[in-house]
Structure formats: C-alpha cells, structure tokens
Undergrad: 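Let me begin by handing over the structure; questions about it come next.
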Amino acid sequence: MNMEKYDYIIAGAGCAGRSLAVHLMPYLVATGKSLLMIDEDWQEHKGKTWCFWETQPGIFESIVFKKWTKLFFSGFSGKKELDIHPYTYKMIRSVDFYDYTSSVIENSSSVTIVTGKIEQTYSSGQYAYVLLNGRTYAADYVFNSIPAPVKKEDEKYQYFLQHFKGWIIQTDEDIFHPAAATLMDFNTFQKMGTSFFYVLPLSSNKAMVEYTVFSTALLQESEYQLALNKYIRGNLGCKKFDILEEENGVIPMSDHPLPKGTGRIINIGTAGGFTKPSTGYTFRFIQKHCVAMVAQLSNGGHPLVNNSFPRRFAYYDGTLLRLLRHNNIAGKEIFSILFEKSQPHQLLKFLDNETSILQEWNIFKVLPKKKFLKALIERMIAVNWHIS
Ligand SMILES: Cc1cc2nc3c(=O)[nH]c(=O)nc-3n(C[C@H](O)[C@H](O)[C@H](O)COP(=O)(O)OP(=O)(O)OC[C@H]3O[C@@H](n4cnc5c(N)ncnc54)[C@H](O)[C@@H]3O)c2cc1C
C-alpha cells in the first residue's frame with residue numbers, strides 16, 4: 001500500500017490547525033515526534049481579523065495588532081462604558097497570523113506540509129488515516145478541522161448564521177478614540193434579525209466598522225453596504241471616508257452538538273464545536289482546547305478532551321438561541337440587559353464559559369427569568385422528546 005506514517009496529522013491548516021501546530025511545537029522538539037499538516041490552500045489567509053479578550057499575554061501576543069482596554073456598549077439605555085479590567089480586548093489580523101505560524105511551522109524539521117484536498121479521514125485499529133491524491137497518510141492521531149456536513153434537526157436545535165461585512169475606513173477628521181472600541185452598538189434596525197455595529201478604532205482617523213446580523217438567511221450585498229453607509233454617515237457623523245479594506249464572514253451559530261472525534265480522530269476548531277453558539281467567538285476556545293490537548297499528550301494520554309468546559313454552558317447557549325428563534329425576546333433586549341446590568345468583566349468571563357454557578361446566578365438574576373426558564377424547559381423537551 002502507498003502509505004506514509006507520521007505521529008500526528010493536522011487536517012486543515014486554518015486557525016485551529018495552525019494554532020495547534022504552534023502549541024505542539026515544544027512537545028514535538030522534546031520528543032522527536034513528527035507532524036504532517038495538510039491544507040488545500042496552505043497560504044490563503046482569507047482576510048480575516050480575530051478578536052478576543054484575555055487577562056494575560058497569550059501564545060500569539062507578539063502578533064496582536066491592536067489592543068483596547070476600554071469597551072463601549074450601546075443598547076436601550078444609551079452608550080455605556082464597560083470596565084473590563086482585568087481583560088484586554090485584542091485583535092489579530094489573519095495575514096500576521098498566517099505569516100507568523102508559517103514561519104514557525106516551515107522552519108521546523110518536525111513538520112511536513114502537503115497541499116491538497118483531503119478526500120477522507122477515518123480511524124481504524126491503532127491508527128487514523130487521511131486520503132488525498134491517491135495516497136494514504138497514517139498517524140497515531142489525526143486532528144481534523146474540516147467540518148462535516150450537518151444533517152439539520154430543526155425540531156430539536158436552532159440554526160442561526162452570524163453574518164457580517166466590515167470596512168476599515170479612513171476619515172478626513174479625527175473622529176475615533178484609539179483606546180476605546182465599541183463591542184456592540186444596537187442603534188440600527190432590528191427587522192433583519194439581531195443587528196448591531198462593531199467599531200474598532202485603529203487610530204484617531206482609521207477604524208474597522210462592522211455590521212453584524214444574527215439570522216437564518218444572508219442579506220443582499222447592497223443591504224450590508226447600505227447599513228454601513230448609513231451608520232458611518234449618520235451615527236458616526238462622518239461624511240467623507242475611504243474604504244481601505246473589507247472583511248466578509250459567516251459564522252455558524254448553532255446548538256446542534258458536533259462530534260468531538262471518533263477513535264483516533266480528534267475534531268478541532270469550528271468542526272469540533274469550538275465556536276460559541278451564542279456569540280460566534282472561537283479564537284480563545286481554540287487556544288484553550290490546544291493547551292488541554294497538548295497537556296494530555298505530554299502526560300502520555302489520548303488527546304481527546306472530554307470536558308473542555310462544563311456542559312451547562314451548552315444549555316445556556318441553546319436557550320438563548322431558542323429565545324431568539326421564537327422571538328420571545330429580542331437580541332437587543334437580552335444583550336442590553338446583560339451589558340447594562342451585569343459587571344462587564346464577569347460577563348466576559350461568562351461568555352468565555354469560565355464562571356462559577358454563583359457568578360452565573362448574579363448574571364441571570366437580572367434577566368426576564370420566566371421567559372428564560374420557559375425556553376430552557378421547552379428546549380430540553382424538544383431535544384430529549386422531539387416535541388417542539
Ligand atoms: C471573517 C471571519 C471573522 C471571524 N472573526 C472572529 C473573531 O473576531 N473572533 C473569534 O473568536 N472568531 C472569529 N471567527 C470565527 C472563527 O475564529 C474562524 O472561523 C476560524 O477561522 C475557525 O478556525 P478553524 O480552524 O476551525 O477553521 P478555518 O480557519 O476555516 O480552517 C479550516 C481549514 O481547513 C481547510 N480545508 C477545508 N476543507 C479541506 C479539505 N477538504 N482538504 C484540505 N483542507 C481543507 C481550509 O482551507 C482551512 O484552511 C471569524 C470567522 C470569520 C469567517
């Protein structure tokens with residue numbers, strides 16, 4: 001059989017695959033183990049920016065493009081400054097991430113890179129296998145970031161899309177405060193779904209302005225453009241600006257459980273369910289998952305992480321999506337209550353799935369309890385007894 005054997009294979013070298021390779025590097029060097037990385041397009045970084053919050057410098061601190069210590073939220077009660085200490089909100093550009101990770105990976109004698117479209121991955125006996133271009137690659141473990149098609153179960157789960165268009169604009173006048181970003185500004189129509197703007201100043205006259213919608217269908221291109229133009233001119237008061245760059249994206253927001261892996265295949269990134277269903281944030285969950293997998297490997301164990309975070313967070317996410325789906329309460333109202341009535345740093349900790357039950361109670365007590373409880377029970381019934 002035409003077969004090559006490695007200790008590990010990373011199938012799909014995007015955010016999760018490359019993050020894992022960087023986290024694995026010291027372990028590979030120390031143990032002499034080999035890693036094969038496969039992607040259909042090794043260098044294409046797809047013009048994204050990744051934002052996240054953390055309290056400490058992370059493994060990619062050297063490529064953080066911009067940081068903000070002040071965040072603003074605008075909902076029902078106007079504009080509110082959020083005290084996020086000890087968190088810092090950070091942005092990494094995918095171009096820097098791909099350059100940095102490529103240099104780490106390509107300079108390592110432990111790693112082999114193959115470009116090609118993976119046709120199949122499977123686990124059998126003591127190895128996992130990847131098929132591409134008529135060749136078979138075997139490894140002790142395959143870390144897979146290629147999402148498998150999901151067979152929707154509408155009666156049980158919710159399937160939203162978080163879709164957005166962002167422009168990096170340059171303005172003639174200095175209208176931005178470079179140290180303060182706007183996490184959510186709900187001053188826009190909500191008829192398309194939960195809709196808000198995100199403003200990340202890069203300097204006093206340059207910012208990323210993004211229009212984001214949570215709904216089940218995408219908008220027409222002209223609708224995103226119209227909303228952005230209206231917001232920049234009307235809300236930001238900027239009559240003249242140049243668009244320097246554009247970001248478009250769609251992130252699945254669903255409570256449909258995704259398999260963590262099978263046998264010797266471990267699913268990572270969005271494919272492994274590391275996109276938070278209620279927010280779309282993924283970057284920090286990927287990093288935490290990588291740390292946990294490498295720790296288990298270093299201890300001689302199987303890299304499948306059973307409990308990346310307590311299961312109750314999946315119930316919270318599912319409940320929020322169910323409330324949005326049945327229009328029981330609008331997204332603007334939920335996020336306004338949360339950001340206006342809770343302590344912002346506790347809320348960020350909660351959205352990172354890291355709070356204790358007591359801290360969660362302090363957050364939940366400000367929410368319309370009857371509506372949340374009803375949605376929680378209805379979802380439990382739908383998931384367990386298929387009655388929607
Ligand atoms: C525009 C955009 C902006 C985002 N911004 C944020 C953010 O600010 N903060 C945040 O936390 N999250 C963000 N996300 C969500 C999430 O962090 C990203 O989607 C992230 O890239 C997910 O990483 P991944 O490795 O799972 O998937 P990807 O990065 O998409 O990597 C999957 C890789 O698999 C490869 N591949 C697919 N099929 C095959 C095949 N058959 N054979 C070989 N290779 C294959 C692809 O080429 C790709 O390189 C954003 C998402 C998008 C789309």
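We count ligands from 1, going down the list as the structure has it; atoms in each ligand are counted the same way. Predicted, not measured: the structure shown is a model, and the values here were computed from it.
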Undergrad: Looking only at protein heavy atoms, which one is nearest to atom 5 (N) of ligand 1, and how far off is it?
TA: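 For atom 5 (N) of ligand 1, the nearest protein heavy atom is T49 O, 3.1 Å.
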Undergrad: Check A21 against I10 and note the closest heavy-atom contact, atom names and distance.
TA: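 Scanning both residues completely, I find the closest heavy atoms to be N-CD1, 3.8 Å.
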Undergrad: For ligand 1, does A13 get within less than 4.0 Å through its side chain, its backbone, both, or neither, judged by non-hydrogen atoms?
TA: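 A13 to ligand 1: backbone contact only, side chain stays beyond 4.0 Å.
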Undergrad: For K117, take its heavy atoms, then give the atoms of ligand 1 lying under 4.0 Å from any of them.
TA: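 What qualifies from ligand 1 is 41 (N), 42 (N).
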Undergrad: Would K371 and E333 pass as an ion pair if we require N to O under 4.0 Å?
TA: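 So K371 does not pair with E333 through a salt bridge.
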Undergrad: Of K5, R264, H302, which is the lone residue that meets side-chain hydrogen bond (donor to acceptor under 3.5 Å, both in side chains) with D140?
TA: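 So the option named by the test is K5.
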Undergrad: Can you tell whether the side chains of E245 and K206 come within less than 4.0 Å, N to carboxylate O?
TA: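 No, no charged N to carboxylate O under 4.0 Å.
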Undergrad: Heavy atom under 4.0 Å from ligand 1: found in D41's side chain, backbone, both, or neither?
TA: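 For D41, there is no contact with ligand 1 at all, from either part.
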Undergrad: Of all the non-hydrogen atoms in the protein, which one sits nearest to atom 41 (N) of ligand 1, and at what distance?
TA: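 Result for atom 41 (N) of ligand 1: I118 O, 3.3 Å.
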Undergrad: Heavy-atom pairs closer than 4.0 Å: do any link ligand 1 to the side chain of I251, the backbone, both, or neither?
TA: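 For I251, only side-chain atoms sit under 4.0 Å from ligand 1.
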Undergrad: Heavy-atom count check: over 12 atoms from other residues, nucleotides or ligands less than 6.0 Å from E119 CD?
TA: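 Yes, CD of E119 has more than 12 neighbouring heavy atoms, counting only those of other groups under 6.0 Å.
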Undergrad: Show the atoms of ligand 1 that are less than 4.0 angstrom away from any heavy atom in I286.
TA: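 Close to I286: 23 (O).
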Undergrad: Starting from atom 9 (N) of ligand 1, which protein heavy atom do you reach first, and at what distance in Å?
TA: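 Here the nearest protein heavy atom works out to C51 O, 2.9 Å.
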Undergrad: Number the atoms of ligand 1 from 1 as they appear, then name those within less than 4.0 Å of a heavy atom of A16, with their elements.
TA: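 Every atom of ligand 1 under 4.0 Å from some heavy atom of A16: 23 (O), 24 (P), 25 (O).
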Undergrad: Relative to ligand 1, is I146 under 4.0 angstrom through side chain, backbone, both or neither, heavy atoms considered?
TA: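 I146 to ligand 1: side-chain contact only, backbone stays beyond 4.0 Å.
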Undergrad: What protein heavy atom is closest to atom 22 (C) of ligand 1, reported as residue, atom name and distance in Å?
TA: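 Checking every protein heavy atom, the shortest distance to atom 22 (C) of ligand 1 gives T270 OG1, 3.5 Å.
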Undergrad: Under a 4.0 Å heavy-atom limit, does T275 contact ligand 1 with its side chain, its backbone, both, or neither?
TA: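 The answer is neither; T275 stays 4.0 Å or more away.
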Undergrad: Which residue and non-hydrogen atom of the protein lie closest to atom 3 (C) of ligand 1, and at what distance in Å?
TA: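 So the nearest neighbour among protein heavy atoms is F164 CZ, 3.6 Å.
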Undergrad: Got a salt bridge between E4 and R135, using NZ or NE/NH1/NH2 to carboxylate O under 4.0 Å?
TA: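 Looking at E4 and R135, the cut-off is met.
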Undergrad: What protein heavy atom sits nearest atom 23 (O) of ligand 1, and how far off is it?
TA: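 Looking at atom 23 (O) of ligand 1, the protein heavy atom closest to it is C15 CB, 3.3 Å.
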Undergrad: Would you kindly check if the NZ (Lys) or CZ (Arg) of K66 is within the cone defined by 45 degrees around the ring axis of Y89 and under 6.0 Å from the six-membered ring centre?
TA: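 Geometry flag: not set, cation outside 6.0 Å or 45°.
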Undergrad: Which ligand 1 atoms does N248 reach within 4.0 Å, using its non-hydrogen atoms?
TA: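 By the 4.0 Å cutoff, the relevant atoms are 1 (C).
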Undergrad: side-chain hydrogen bond (donor to acceptor under 3.5 Å, both in side chains) with K165: which of E247, E246, E210?
TA: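 Going through E247, E246, E210 one by one, the side-chain hydrogen bond (donor to acceptor under 3.5 Å, both in side chains) with K165 is satisfied by E246 alone.
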Undergrad: For atom 18 (C) of ligand 1, which candidate among F274, W50, F52, Y198 holds the nearest heavy atom?
TA: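 Comparing heavy atoms across F274, W50, F52, Y198, the nearest one to atom 18 (C) of ligand 1 lies in W50.
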Undergrad: Among protein heavy atoms, which lies nearest atom 33 (C) of ligand 1, and at what distance?
TA: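 Checked against all protein heavy atoms, atom 33 (C) of ligand 1 sits closest to D39 OD2, 3.5 Å.
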Undergrad: Mark yes or no for whether Q158, through its side chain, and D255, through its backbone, hold a donor-acceptor pair below 3.5 Å.
TA: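 No; zero donor-acceptor contacts below 3.5 Å.
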Undergrad: For ligand 1, does K48 get within less than 4.0 Å through its side chain, its backbone, both, or neither, judged by non-hydrogen atoms?
TA: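 The part of K48 near ligand 1 is the side chain, not the backbone.
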Undergrad: L183 and Y198: which non-hydrogen atoms are nearest, and at how many Å?
TA: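 Heavy atoms of L183 and Y198 come nearest at O-CD1, 3.2 Å.
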Undergrad: Does R93 make a cation-pi contact with F65, if we ask for NZ or CZ under 6.0 Å from the ring centre and within 45° of the axis?
TA: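 Yes, R93 sits over the ring of F65.
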Undergrad: Honestly, is K332 close enough over F186, meaning NZ or CZ under 6.0 Å from the six-membered ring centre and within 45° of the axis?
TA: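 Ring-cation test returns no.
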Undergrad: Tell me, which protein residue and heavy-atom name are nearest atom 31 (O) of ligand 1, and how many Å apart are they?
TA: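 Going by distance alone, atom 31 (O) of ligand 1 is nearest to G14 CA, 3.3 Å.
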Undergrad: Just going by heavy-atom distances, which of E40, E44, M37 is nearest to atom 38 (N) of ligand 1?
TA: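 Ranked by closest heavy atom to atom 38 (N) of ligand 1, first place is E40.
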Undergrad: Closer than 4.0 Å to some heavy atom of G116 - which atoms of ligand 1 meet that?
TA: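 By the 4.0 Å cutoff, the relevant atoms are 42 (N), 43 (C).
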